[in-house]
Amino acid sequence: MDEQFERMKVLGAGIFSLMLALGVARFAYTPLLPLMQAQAGLGLAEGGWLAAINYLGYLSGALLAASISNLVLKDRLYRIGMVMAVLTTVMMGLTTDFWVWAASRYLAGLSSAASMLLGTGLILNWLIRHNHRSELGIHFAGIGLGIAGCSLAVALMSQWLDWRAQWFVFTVIACGLLVPALSWLPAPDTSGVTRSGAPMHDDPPSPLFMRIFMASYFCAGIGFVVSATFIVAIVNRLPGLEGQGSWSFLAIGLAAMPACIVWDFVARRTGALNALILAAVLQIVGILLPVVVGGMVGAIAGALLFGGTFVGMVSLVLTMAGRYYPTRPAKMMGKMTISYGVAQILGPAVTGWLGATFGSYAGGLYFAAAMMVVGTILLLMLKAVERRDREGARA
């Protein structure tokens, strides 16, 4: 019982850290974007640039995570990142200066990488050391909780509070999330064995597998970032759906909450790669529904499908990284996220440009869906490479 309680506490630290860094510090910006455009003079292109700068911060964090092997240093940087998540949230409400907002978004990106990569790596390392199943579904529920919580909070607060006051309310929420995110995660164990005494060995994939895997994850990053960043603004601009965008973002969060646990079960039955391919196909449908079907039904159905797949794909990829590198999972997680992070810089910038050029974000959704199709083809190629590698190892 004590062991299970300890496991849930560690997973709880991860959930609260993701709600703090991914939910509040990073994704509160999405439902607040239309409000900031209406009340704070933020333009279409500038909105895209702020999102791109946020992902540049995330990419910088991924590069850092990929370069560090020391567990104690990772733990220290994770904790700094969580405090930074609170500070970057309050920064957004203190000014209307674009460059201060840009600095806030960059640092928020860094803090989200601290949670997503360093925190996740520390938790996965703890699970493997304590002979628990190396699955992250429960941990990644924090992303869905954060997104749903933020969109619901904005929908409720917008009736009484302006954009600035809402950022200050989110700062108070962030302070509450910071406590368990820091106090429930134990200091890392740096020994080379599990609790039962078994040695921990890395089993890295082939270089070709890694190259294709990173390319497919780049495509997934484009598919994710366009919808995640602009869905509220996209839905608000669809005929008859003015002011309804925050509900689609709420639907994404609600679908994301149980999704990772569901995809863990799917992966157990089909294998991780087959689960990734299925999630990618469903995500393509989810991205296209708001513009192809239209109306509130298309918007909500698309949001549910998108929310139910994007976080599942991230969870499956990072879990695979942990299985290949149990002694230093954040290293491969960081490499994969660099690929995902480059996509997250290009995606919002391209979508912002398409929006400014054509007066609509719909072109961005078609662009995201096309990239996801390429990513799915690469995942199918990956199955053949994995089979070849397995046969080569047996020969």
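The analysis underlying the following values was restricted to heavy atoms, covering all of them including side chains, and did not include hydrogens, waters or symmetry mates.
When every heavy atom of S111 is checked against every heavy atom of G81, the shortest pair comes out as CB-O, 3.1 Å. Considering every non-hydrogen atom in both M19 and G142, the closest pair reads CG-O, 3.3 Å. The heavy-atom pair separating A108 from T88 by the smallest distance is N-CG2, 3.6 Å. Contact record, S112 with G109: OG-O, 2.8 Å, taken as the closest heavy-atom pair. Among all heavy-atom pairs drawn from C175 and V86, the shortest one is SG-CG1, 3.7 Å. Residue G61 comes nearest to A113 through the heavy atom pair CA-CB, 3.6 Å, listed as atom of the first residue, atom of the second, then distance.
Residue W49 places its CH2 atom among 12 or fewer non-hydrogen atoms of other residues, nucleotides or ligands, all under 6.0 Å distant. Within a 6.0 Å sphere centred on CZ of F265, other residues, nucleotides and ligands contribute 12 heavy atoms or fewer.
Hydrophobic clustering of Ile, Leu, Val, Met, Phe, Trp and Tyr side chains at less than 4.5 Å, counting indirect connections, keeps Y106 apart from L94. Linking Ile, Leu, Val, Met, Phe, Trp and Tyr whenever their side-chain heavy atoms come within less than 4.5 Å leaves V154 and F168 in two separate clusters. In the hydrophobic clustering of ILVMFWY residues, with side-chain heavy atoms under 4.5 Å counting as a link, V179 and I80 come out apart. No chain of hydrophobic side-chain contacts below 4.5 Å, direct or via other Ile, Leu, Val, Met, Phe, Trp or Tyr residues, connects V90 to L182. A single hydrophobic cluster is seen to contain both V373 and M214, as judged by linkage of ILVMFWY side chains at heavy-atom distances under 4.5 Å, directly or through other members.
Atom OG of S151 sits about 8.5 Å away from atom CD1 of I252, to the nearest 0.5 Å. For the atom pair E386 CD and F213 CZ, the distance stands at 9.5 Å (nearest 0.5 Å). A distance of 12.0 Å separates CE of M313 from SG of C260, quoted to the nearest 0.5 Å. If you take CG on L152 and CG on L145, they are separated by 11.5 Å, rounding to the nearest 0.5 Å. To the nearest 0.5 Å, atoms OG (S104) and CG (D97) are separated by 11.5 Å. Atom CG of L379 and atom CG of L273 lie 6.5 Å apart (nearest 0.5 Å).
Contact check for M36 versus W167: side-chain heavy atoms found under the 4.5 Å cut-off. Side chains of L346 and F218 form a contact here, defined as non-hydrogen atoms less than 4.5 Å apart. Contact of the L50 side chain with the L42 side chain is registered, since non-hydrogen atoms from C-beta on lie closer than 4.5 Å. Side-chain contact between V226 and M371: absent, with no pair of heavy atoms (C-beta onward) separated by less than 4.5 Å. Considering only heavy atoms from C-beta on, N125 comes within 4.5 Å of L71 through its side chain. With contacts defined as side-chain heavy-atom distances shorter than 4.5 Å, the pair L18/M116 qualifies.
For T30, the side chain to side chain contact (heavy atoms under 4.5 Å, CB included) partners are F27, V232, F249, not counting sequence neighbours. For A153, the side chain to side chain contact (heavy atoms under 4.5 Å, CB included) partners two or more places apart in sequence, or in a different chain, are M157, F170. Checked against side chain to side chain donor-acceptor pair (under 3.5 Å), K383 has the following partners two or more places apart in sequence or in another chain: N274. Residues meeting the salt bridge (Lys or Arg N to Asp or Glu O under 4.0 Å) test with E46, sequence neighbours left out: none. For R268, the salt bridge (Lys or Arg N to Asp or Glu O under 4.0 Å) criterion is met by E135, not counting sequence neighbours. The salt bridge (Lys or Arg N to Asp or Glu O under 4.0 Å) search around D75 returns R79, not counting sequence neighbours. With sequence neighbours excluded, the residues forming a side chain to side chain contact (heavy atoms under 4.5 Å, CB included) with L64 are S67, I68, L77, listed by chain and number. Residues passing the side chain to side chain donor-acceptor pair (under 3.5 Å) test with T120, sequence neighbours excluded: H139. Applying the side chain to side chain donor-acceptor pair (under 3.5 Å) rule to T171 yields no partners; only residues at least two apart in sequence or on another chain are considered. In this structure, the side chain to side chain donor-acceptor pair (under 3.5 Å) partners of S158, at least two apart in sequence or on a different chain, are Q166.
With hydrogens and angles ignored, the 3.5 Å screen pairs no side-chain donor or acceptor of S17 with any backbone N or O of A181. At least one donor-acceptor pair under 3.5 Å links the side chain of Y29 to the backbone N or O of G47. Proximity of a side-chain donor or acceptor of R164 to a complementary backbone N or O of G93 within less than 3.5 Å is detected. Using a distance-only test at 3.5 Å, with no hydrogens or angles considered, no donor-acceptor pair links the side chain of S315 to the main chain of V311. Using a distance-only test at 3.5 Å, with no hydrogens or angles considered, no donor-acceptor pair links the side chain of W163 to the main chain of Q37. The backbone N or O of T95 sits less than 3.5 Å from a side-chain atom of W101, completing a donor-acceptor pair. A distance-only check finds no donor-acceptor pair linking the side chain of T376 to the backbone of I277 [under 3.5 Å].
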Notebook entry, point to check: Going through the checks in order, is the side chain to side chain contact (heavy atoms under 4.5 Å, CB included) test met by Y78 and K74?
Noted result: CA-CA 6 Å; Y78 160 78; K74 284 178 187 174; over 6 Å; no
Note to self: As a quick check of understanding, evaluate side chain to side chain contact (heavy atoms under 4.5 Å, CB included) for Y324 and F209, giving each step before the final call.
What the structure shows: CA-CA 12 Å; Y324 287 129; F209 184 97; 3.5 Å; yes
Next item on the list: Check the pair M336 / M320 against side chain to side chain contact (heavy atoms under 4.5 Å, CB included), numbers first and verdict last.
Entry: CA-CA 11 Å; M336 295 303 295; M320 286 171 72; over 6 Å; no
Margin query: The test is side chain to side chain contact (heavy atoms under 4.5 Å, CB included); show your working for L20 and S115 and say whether it passes.
Written below: CA-CA 9 Å; L20 168 58; S115 170; over 6 Å; no
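Listed by first and then second residue, the ring pair (Phe, Tyr, Trp, His ring centres under 6.0 Å) pairs involving residues 270-320 are F224-F310, F306-F310 (not counting sequence neighbours).
A donor-acceptor pair shorter than 3.5 Å cannot be found between the side chains of Y58 and T337.
Y340 and Y217 have parallel rings, their planes meeting at less than 30° on a 0 to 90° scale where 60° marks the start of perpendicular.
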Result block: side-chain N/O donor-acceptor pairs under 3.5 angstrom for residues 278-294, not counting sequence neighbours:
none

